[in-house]
Amino acid sequence: MQKELLDQLETPCIVIDMARTEKNVIRMQAEADAAGCRLRPHIKTHKMPLFTRMQLAHGAAGITCAKVSEAEVMADGGAEDIFIAYPMVGDFRIKRAIALAGRLKRLILAVDSMECAVPLNEAAKAAGITLEVRLEVDTGAKRTGVQRTKAAELAKEVYQLSNLNLTGIYTFKSLVYHDEPTEDKVIAGAEEGDMMEAIAEEIRKAGVPIAEISAGSTPTGVEVAKTGKVDEIRPGTYIFKDHMLCKEGAAEPEDIAVRIYATVVSTPCREYAVIDGGTKTFPMDILLDTPPYYYPGYALVAGNDDLQLRRMNEEHGIITSRKGDTGLKVGDKVELIPIHVCTAINMQNKVYLYDGETLRQEVVAARGMLV
């Protein structure tokens with residue numbers, strides 16, 4: 001980036017390269033299209049209607065959100081077909097989801113138990129509407145989702161509810177193979193397709209005519225789509241990419257569209273320098289020096305393997321040098337590459353958008369939308 005633009009940055013901040021971002025969007029859409037699979041990207045990564053509109057303009061069938069509050073922001077930004085891939089538990093969530101349904105062409109909600117489905121059905125009945133739902137199945141991530149051996153029985157029970165329309169199943173599996181973590185996205189994706197097809201067939205044999213199978217995160221999405229056994233994939237991180245995806249074999253460093261910039265505010269000695277971003281700027285949801293990827297710091301200093309960000313307080317980041325001399329001076333701006341971009345974006349109220357010549361700010365409108 002040109003020096004005059006660097007001088008404009010109020011740090012710590014995030015800068016998004018719009019050309020790289022659009023290239024990533026176009027590539028994923030092309031790969032989904034080539035496999036004959038719908039793309040319903042997860043907006044958890046960018047959290048901005050601007051990028052939702054970009055994804056839809058390039059052919060996305062709709063979007064995925066984690067929470068009702070995120071979906072409300074995206075509806076305000078023009079999205080009309082939204083899947084909330086999270087159990088709809090709690091009266092507050094259900095009330096907001098029913099209100100949201102009246103604003104959209106299509107809203108799909110998630111269930112993974114009767115404890116979740118029954119209150120949703122009762123609320124829909126009271127509102128005089130039918131809600132479309134998908135059943136989440138655990139295929140190895142061991143998060144939410146009914147155990148796959150119990151999926152058909154639960155599907156039968158949900159199908160009998162008067163005001164829920166069970167149209168499909170979905171899963172989040174990511175890099176898991178035979179219920180264990182793997183670094184091989186190809187075998188993980190192939191297994192995901194096989195498992196979801198088998199589960200869907202078992203549910204249909206039980207008398208539940210589900211129509212859609214949704215799967216695929218960024219690491220496995222393309223591989224799952226290639227199996228021809230799912231109807232839809234829901235990657236999210238692909239839009240910006242990050243170092244984590246590079247380690248997982250799902251991105252190259254030149255694909256990463258986001259940079260974090262910080263300013264050196266103190267250099268008490270040659271061995272370390274202090275930047276103006278700490279734990280409130282850089283995500284700490286990764287483990288350093290831990291297999292399989294052995295991340296060396298909470299962000300990578302661009303173009304300099306000697307410098308490391310391994311220690312932070314709330315507002316202080318400590319950059320150290322393997323060689324013993326950081327070479328940094330007070331006032332220097334440091335360019336860093338995010339390890340996990342989704343959590344990094346969510347820590348910012350605004351980001352800078354870079355078009356190759358100019359910078360402008362964009363509000364992260366769904367930041368902190370946790371409900």
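Predicted model only: the values in this text are computed from it and were never measured.
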### Message
When you measure from the side chain of Arg259 to the backbone of Ile16, do you find a donor-acceptor pair of N or O atoms at a distance under 3.5 Å?
### Response
no

### Query
Under 3.5 Å, is there a donor-acceptor pair between the side chain of Asn165 and the main chain of Leu131?
no

### Message
Take a 6.0 Å sphere around CD of Gln2 and say whether it holds more than 12 heavy atoms from other residues, nucleotides or ligands.
### Response
yes

### Message
Measuring only between side-chain heavy atoms, which start at C-beta, is Met312 closer than 4.5 Å to Ile318?
### Response
no

### Message
If I compare all heavy atoms of Gly140 with all of Val176, which pair ends up nearest, and what's the gap?
### Response
O-CG1, 3.7 Å

### Task
Could you tell me whether the side chain of Lys67 and the main chain of Leu370 form a donor-acceptor pair under 3.5 Å?
yes

### Residues Lys23 and Asp255 bridged, charged N to O under 4.0 Å
no

### Query
So do Val208 and Leu166 actually touch side chain to side chain, heavy atoms under 4.5 Å?
yes

#### Entry: Distance (rounded to the nearest 0.5 Å) between Leu309 CG and Leu336 CG
6.5 Å

## Note on the structure
Nearest heavy-atom approach of Lys173 to Ala188 is NZ-O, 2.9 Å

### Query
Side chains of Arg106 and Glu80: closer than 4.5 Å at any heavy-atom pair?
no

### Message
Given 3.5 Å as the limit, does a donor-acceptor pair link the side chain of Asp242 with the main chain of Ile256, or not?
### Response
no

### Query
Taking a hydrophobic cluster as the set of Ile, Leu, Val, Met, Phe, Trp and Tyr residues connected by side-chain heavy atoms closer than 4.5 Å, whether directly or through intermediates, do Ile337 and Tyr354 fall within one such cluster?
no

#### Entry: Phe83/Tyr170 aromatic ring centres below 6.0 Å
yes

### Query
Quick check: does any side chain N or O of Thr267 sit under 3.5 Å from a backbone N or O of Cys269, one acting as donor and the other as acceptor?
no

### Query
Can you check whether Thr182 reaches Ile187 side chain to side chain, under 4.5 Å on heavy atoms?
yes

### Task
Verify salt bridge (charged side-chain N to carboxylate O under 4.0 Å, His left out) between Arg96 and Asp91, making sure each step is shown before the conclusion.
CA-CA 9 Å; Arg96 289 171 68 166; Asp91 289 345; over 6 Å; no

### Query
Is there a chain of hydrophobic side chains (I, L, V, M, F, W, Y, each step under 4.5 Å between heavy atoms) that links Val371 to Leu120?
no

### Message
Any non-hydrogen side-chain atom of Leu359 less than 4.5 Å from a side-chain atom of Leu353?
### Response
no

### Query
Have Arg234 and Ser214 got a donor and an acceptor in their side chains that come within less than 3.5 Å?
yes

### Asp289, CG atom: more than 12 neighbouring heavy atoms under 6.0 Å
yes

### Query
To the nearest 0.5 Å, what is the distance between CG (Asp184) and OG1 (Thr220)?
11.5 Å

### Message
Show the nearest heavy-atom pair for residues Ala251 and Lys241, with the distance to one decimal.
### Response
CB-CD, 3.5 Å

### Task
Would you give the length of the straight line joining atom OG1 of Thr263 to atom CD1 of Ile275, rounded to the nearest 0.5 angstrom?
9.0 Å

#### Entry: Closest non-hydrogen atom pair, Asp332 against Gly327
OD2-O, 4.4 Å

### For the student: nearest non-hydrogen atoms of Asn346 and Gly368, plus distance
OD1-N, 3.0 Å

### Message
Rounded to the nearest 0.5 Å, what separates atom CD in Gln348 from atom OG1 in Thr281?
### Response
6.0 Å

### Query
Side chains of Asp231 and Arg38: closer than 4.5 Å at any heavy-atom pair?
yes

### Query
Any chance NE2 of His316 has more than 12 other-residue heavy atoms, nucleotides or ligands included, within less than 6.0 Å?
no

### Query
Does one side chain, of Gln55 or Tyr238, offer a donor that lies under 3.5 Å from an acceptor on the other?
yes

### Query
Should the pair His46 and Phe51 be assigned to parallel (<30°), tilted (30 to 60°) or perpendicular (>60°) ring geometry?
tilted

### Task
Run the salt-bridge test on Arg103 and Asp76 with the 4.0 Å N-O cut-off and return the result as yes or no.
yes

### Query
Less than 4.0 Å between a side-chain N and a carboxylate O, is that true for Asp179 and Arg148?
yes

### Query
Looking at Val158 and Ala117, what are the two nearest heavy atoms and their distance?
CG2-CB, 4.1 Å

### Query
After noting the C-alpha distance and the side-chain angles of Tyr298 and Ile286, does the key distance pass the side chain to side chain contact (heavy atoms under 4.5 Å, CB included) rule?
CA-CA 8 Å; Tyr298 294 108; Ile286 59 166; 4.2 Å; yes

### Query
Counting only N and O atoms by type, is there a donor-acceptor contact under 3.5 Å from the side chain of Arg134 to the main-chain atoms of Ile169?
no

### Query
Between Asp194 and Lys229, is the closest basic N to carboxylate O distance under 4.0 Å?
yes

### Message
Do Leu109 and Ile43 land in one hydrophobic cluster if side-chain heavy atoms of ILVMFWY residues count as linked below 4.5 Å?
### Response
yes

### Query
CD of Glu357: more than 12 outside heavy atoms within 6.0 angstrom?
no

### Task
Could you pull out all residues at least two apart from Thr144 that satisfy side chain to side chain donor-acceptor pair (under 3.5 Å)?
Glu136

### Task
Look at Lys105 together with Asp81 and state whether they make a salt bridge at an N to O cut-off of under 4.0 Å.
no

#### Entry: Sidechain N-carboxylate O distance under 4.0 Å for Lys280, Glu315
yes

### Task
Give a yes or no on whether a salt bridge exists between Glu362 and Arg360, defined as a side-chain N under 4.0 angstrom from a carboxylate O.
yes

### Message
Whether the side chain of Ser113 engages the backbone of Cys116 through a donor-acceptor N/O pair (distance < 3.5 Å, no angle test) should be reported.
### Response
yes

### Task
Hey, could you give me the NZ/OG1 distance between Lys47 and Thr52, rounded to the nearest 0.5 Å?
11.0 Å

### Task
Answer yes or no: is there an ion pair linking Lys142 with Asp138, defined by an N-O contact shorter than 4.0 Å?
no

### Task
Check whether any side-chain heavy atom of Ile345 lies under 4.5 Å from a side-chain heavy atom of Met48, and answer yes or no.
yes

#### Entry: Gap separating the CD atom of Glu132 from the CD atom of Glu212, nearest 0.5 angstrom
6.5 Å

### Query
With no hydrogens and no angle check, do the side chains of Thr279 and Glu314 hold a donor and an acceptor under 3.5 Å apart?
no

### Query
Is it true that a side-chain atom of Thr45 and a backbone atom of Cys342 form a donor plus acceptor pair closer than 3.5 Å?
no

### Distance-only side-chain donor-acceptor flag, Asn24 / Thr21, under 3.5 Å
no

### Query
More than 12 heavy atoms of other residues, nucleotides or ligands under 6.0 Å from OH of Tyr261: is that the case?
yes

### Task
Report the C-alpha distance between Glu183 and Glu248 in whole Å, list the side-chain angles of each, state the deciding distance to 0.1 Å, and finish with yes or no for side chain to side chain contact (heavy atoms under 4.5 Å, CB included).
CA-CA 6 Å; Glu183 297 178 56; Glu248 292 172 347; over 6 Å; no

### Message
Check this for me: Asp7, atom CG, are more than 12 non-hydrogen atoms of other residues, nucleotides or ligands nearer than 6.0 Å?
### Response
yes

#### Entry: Contact check, side chains of Tyr159 and Pro209, non-hydrogen atoms, under 4.5 Å
yes

### Task
Using atom types as modelled and distance alone, determine if a side-chain donor or acceptor of His178 lies under 3.5 Å from a backbone N or O of Glu180.
no

### Task
For Arg311, look at atom CZ and say whether over 12 heavy atoms of other residues, nucleotides or ligands are found less than 6.0 Å away.
no

### Query
Is a donor on one side and an acceptor on the other found under 3.5 Å between the side chain of Thr11 and the backbone of Ala262?
no

### Task
Walk me through it: do Lys150 and Asp112 pass the test salt bridge (charged side-chain N to carboxylate O under 4.0 Å, His left out)?
CA-CA 10 Å; Lys150 300 176 180 178; Asp112 72 347; over 6 Å; no

